[in-house]
Amino acid sequence: MTSLTGPRLAAAGIDAVALKPTEVDVSSAVDLDVDTLAIDYEGADHVPAPETVERLADHADVRVTTPVRAEGYDPLDDASAVDRLPASAKRVLVAGHSAYLSDEEAGRAVAPRLRAAADETDDPWVGTEGIERLALAVGGTQYELLSRTTARDVRTLRTAGFEDEIAVYAPLVLSTSEDAVLDAVGDYAARRAPVRKALPEGAPTDSRATGRARDVLAQAVRDYALVGSAETVAERTERLHDIGVDTVVGYPARGLEPFLP
């Protein structure tokens with residue numbers, strides 16, 4: 001297959017691509033030259049059809065994010081949505097973001113459900129945000145968000161003898177324009193607690209930011225996302241691989257179009 005994607009993503013050290021069904025046509029990812037596709041969960045109304053997942057799995061390893069507290073994905077109650085997944089689809093086990101859960105679902109205990117789901121799943125990735133200790137206890141590939149402490153955290157895990165794989169997720173913007181980067185991931189970075197505290201109250205978090213807000217955001221997008229030229233991003237991903245990260249998962253924050261043939 002001839003594609004403009006291969007050189008750009010490969011040159012940047014990106015191993016996998018995260019797909020958000022509310023933002024992109026998931027089926028178009030068949031043209032991405034990466035080995036792994038991770039489909040995020042953004043509510044039951046946006047789960048791709050099983051045939052779409054199966055078609056993607058003909059081109060790459062496909063992982064579907066499954067929130068263990070949500071109806072249809074709960075291994076201790078209703079797992080009917082899991083049963084509808086193609087056999088070729090692997091899973092990313094997460095507690096589930098409250099934005100996509102009912103009050104009843106959000107009140108369910110995470111630990112027993114995560115353990116039960118892991119026991120029933122072949123080669124799971126386990127989303128660790130907010131449940132790091134539980135995820136480590138469950139085992140499997142630890143799926144973490146890129147942050148200011150990622151390098152230290154990964155080194156600590158490896159030094160302690162952690163031998164399972166580690167995957168790191170980060171928004172990806174291949175652009176040298178600071179305005180373009182801020183428009184794409186400024187708001188994402190601003191939601192991180194240290195950044196939120198450092199920003200002036202009410203300051204814009206996109207290319208309109210000026211003064212201290214712009215200074216804070218310019219650093220934050222580099223801490224929490226992979227941004228810049230392909231060469232700049234490649235230097236960052238190479239460092240991540242060198243310290244023990246097995247898979248770098250890029251979320252194309254400006255859509256898939258820049259990476260499609």
Side-chain angles (χ1 to χ4, degrees), residues 5 9 14-22 24-44 46-76 78-97 100 110 112-129 131-132 134-146 162-170 172 240-241 244-252 256:
T5 304
L9 291 175
I14 303 300
D15 305 304
V17 168
L19 305 170
K20 293 185 179 295
T22 61
V24 302
D25 176 7
V26 169
S27 63
S28 67
V30 296
D31 292 323
L32 296 176
D33 280 352
V34 289
D35 293 332
T36 302
L37 301 170
I39 301 173
D40 288 350
Y41 182 83
E42 297 181 289
H46 303 291
V47 176
E51 55 268 26
T52 300
V53 177
E54 195 154 20
R55 191 159 56 249
L56 291 174
D58 289 337
H59 298 266
D61 288 336
V62 174
R63 291 186 176 272
V64 179
T65 298
T66 56
V68 297
R69 291 182 293 175
E71 292 293 334
Y73 301 98
D74 185 343
L76 302 184
D78 174 11
S80 56
V82 174
D83 295 337
R84 291 193 294 272
L85 289 174
S88 55
K90 298 179 181 179
R91 296 173 65 190
V92 179
L93 307 178
V94 299
H97 195 290
Y100 308 124
V110 175
R113 289 171 169 80
L114 199 63
R115 293 191 182 99
D119 288 343
E120 298 169 359
T121 305
D122 180 44
D123 185 27
W125 287 10
V126 184
T128 67
E129 185 181 15
I131 56 167
E132 288 81 1
L134 283 179
L136 277 173
V138 166
T141 297
Q142 302 292 291
Y143 192 25
E144 305 186 357
L145 297 180
L146 180 67
F162 181 78
E163 296 181 352
D164 285 337
E165 294 196 354
I166 298 172
V168 171
Y169 167 103
L172 172 68
L240 289 170
H241 286 126
V245 172
D246 299 282
T247 304
V248 176
V249 184
Y251 152 56
L256 298 182

Report the C-alpha separation of V17 and V249 in whole Å, then their side-chain angles, then the decisive distance to 0.1 Å, and conclude whether the side-chain contact (heavy atoms from CB on, under 4.5 Å) test is met. CA-CA 5 Å; V17 168; V249 184; over 6 Å; no

Quick one: do L134 and R115 satisfy side-chain contact (heavy atoms from CB on, under 4.5 Å)? Show the steps, please. CA-CA 9 Å; L134 283 179; R115 293 191 182 99; 4.1 Å; yes

Please walk me through it: do D15 and H241 pass side-chain contact (heavy atoms from CB on, under 4.5 Å)? CA-CA 10 Å; D15 305 304; H241 286 126; 2.8 Å; yes

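Looking at L172 and L9, their side chains come closer than 4.5 Å, going by heavy atoms from C-beta outward. Between T247 and T36 there is no side-chain heavy-atom pair separated by less than 4.5 Å. Using a 4.5 Å heavy-atom cutoff, the side chains of V126 and L114 are in contact. With contacts defined as side-chain heavy-atom distances shorter than 4.5 Å, the pair E129/V94 does not qualify. By the 4.5 Å heavy-atom criterion applied to side chains, V47 and P21 are not counted as neighbours. Contact annotation: the side chain of L19 approaches that of L256 to within less than 4.5 Å [non-hydrogen atoms, C-beta and beyond]. Here the side chains of V68 and D74 are not in contact, with every heavy-atom distance at 4.5 Å or above. Side-chain contact between V138 and L93 is absent, with no heavy-atom pair separated by less than 4.5 Å.
With rounding to the nearest 0.5 Å, the separation of CZ in R63 from OG1 in T141 is 6.0 Å. To the nearest 0.5 angstrom, S88 atom OG is 9.5 Å from L56 atom CG. Here CD1 of I39 is found 11.0 Å from CD of E42. Values are rounded to the nearest 0.5 Å.
More than 12 heavy atoms of other residues, nucleotides or ligands lie within 6.0 Å of NE2 in H46, so this atom counts as buried by the packing criterion. More than 12 heavy atoms of other shown residues, nucleotides or ligands fall within 6.0 angstrom of atom CD in E51. The 12-atom threshold is exceeded at CG of D78, counting heavy atoms of other residues, nucleotides or ligands nearer than 6.0 Å.
Contact between A95 and R69 at its shortest, heavy atoms only, is O-NE, 2.9 Å. For the residue pair L136 and Q142, the shortest heavy atom distance occurs at N-OE1, 3.4 Å. Between V34 and A16, the closest heavy-atom pair is CB-CA, 4.4 Å. Considering every non-hydrogen atom in both P67 and Y73, the closest pair reads O-CB, 3.2 Å. When all heavy atoms are compared, the tightest approach of S27 to R55 is CB-NH2, 4.2 Å. Summarising the geometry of A18 relative to P252, their closest heavy-atom pair is O-CD, 3.5 Å, with the distance given to 0.1 Å.
Note: Y251 and Y169 have parallel aromatic rings, judged against thresholds of 30 and 60 degrees for the angle between ring planes.
A donor-acceptor pair under 3.5 Å links the side-chain atoms of D246 to the main chain of I166, judged by distance alone.
Of the candidates D123, D122, T66, T65, R91 forms a side-chain hydrogen bond (donor to acceptor under 3.5 Å, both in side chains) with just one, namely T66.
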